[in-house]
Amino acid sequence: MSKRKRILSGIQPSGTIHIGNYFGAIENWVRLMKEYDCFFTIVDLHAITVSYEPSLMQQRIFEAALDNMAAGLDPARCTIFVQSHVPEHTELCWLLNCVTPMGELGRMTQFKEKSERERENVTAGLLNYPILQAADILVYKADAVPVGEDQAQHLEFTREVARRFNGRFGDYFPEPATLIGRGARVMGIDGAAKMSKSLGNHIGVAEDPDAIWEKLRPAKTDEARKRRTDPGDPERCNIFSYHRLVTPEGALQEIVNGCTGATIGCIDCKKVFFNHLRRVLDPIRERRLELERTPELVWSSLREGARKARAIARETLDGTKKLMGLL
Ligand code: ATP
Ligand code: MG
């Protein structure tokens, strides 16, 4: 029997999981579970690289697990765990720290954006984030990593770390491929920046439908379309970029015709999107409510996931240490 290829991906318990996370990454994870040996991790150690509230962390981890499991990650068919429960990630991170020149770290887009946002709290952890991410991936010798477009640069960096290690100590780590989801870069509800847990511009996957509609109703569309009788340009409308994620081909064409021909108003167009979005999110919210009733089952799946992950991570780490002369 041929060995299944391995996938790893992660999500931070840094706030509400949103439709950017879903269409950029999670939807792909669920699909890939069928053909790959999958590892999904809730990366709490990444979430502490910026300001956070310690008393909320366990709840956030639990909610991230709920959202992901409700979205279709089945602990019986993949390994889902909390990053800090597998200390081999941080151990490998240190080893990789010592083979990585620091110059490149300051040039990473995510570092630049996040350090700009919080100038008074730029930690060494935030700078080293990509090395920990490389360790998350390489510790399982993952073949591929499904992520949104914002993480493509970090994955290129991971491949460089692997190449550098292999060049110095011998061929050991595979260079993981990047798999970008269908919603590669979902914009925030304000259309100004990528949707992010930390920016408050999100539509949550488990958010109450009324609350979602309250955000959608006033949301920006094509700004050049001032009156309902003006023709609009779907390509300049953030809501149309959302339509592409959920609205079937025929209905999408009707939206294009209605918008360019000024026969549909923005509110009606948003209603069509809202209804299609609900087809995706309603079942997730319902499954989440069920899972929420048995928190112990969720935590025990995470513990079991960490146990399985650790066995593999330990083996990789021992091999790494041998190559580096530490064993
Ligand atoms: P934070 O603001 O704390 O960084 P985030 O919303 O960016 O949170 P992450 O946990 O950093 O979420 O990322 C989880 C996964 O979701 C990654 O694969 C990332 O590429 C993807 N992702 C995040 N935001 C988007 C987005 N707006 N569009 C598409 N994919 C996204
Ligand atoms: Mg992010």
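Read the numbers this way: they start at 1 and go in the same order the structure lists the ligands and their atoms.
Side-chain atoms of His89 and Tyr140 form a donor-acceptor pair, as typed in the model, at a separation below 3.5 Å. If you check the side chains of Asp136 and Gln83, you find a donor sitting under 3.5 Å from an acceptor. No side-chain N or O of Gln253 forms a donor-acceptor pair with one of Glu249 less than 3.5 Å apart. Judged purely by distance below 3.5 Å, without hydrogens or angles, the side chains of Arg31 and Asn28 pair a donor atom with an acceptor atom.
Among protein residues, Gly10, Ile11, Gln12, Ser14, His18, Gly20, Asn21, Gly24, Ala25, Lys114, Val147, Gly148, Asp150, Gln151, Gly183, Ala184, Arg185, Val186, Lys194, Met195, Ser196, Lys197, Ser198 come within 4.0 Å of ligand 1, judged on heavy atoms.
Phe81 approaches Ala306 most closely through the heavy-atom pair CB-N, 3.4 Å.
Counting only distance, with no hydrogens or angles, the side chain of Glu88 and the backbone of Leu317 share no donor-acceptor pair below 3.5 Å.
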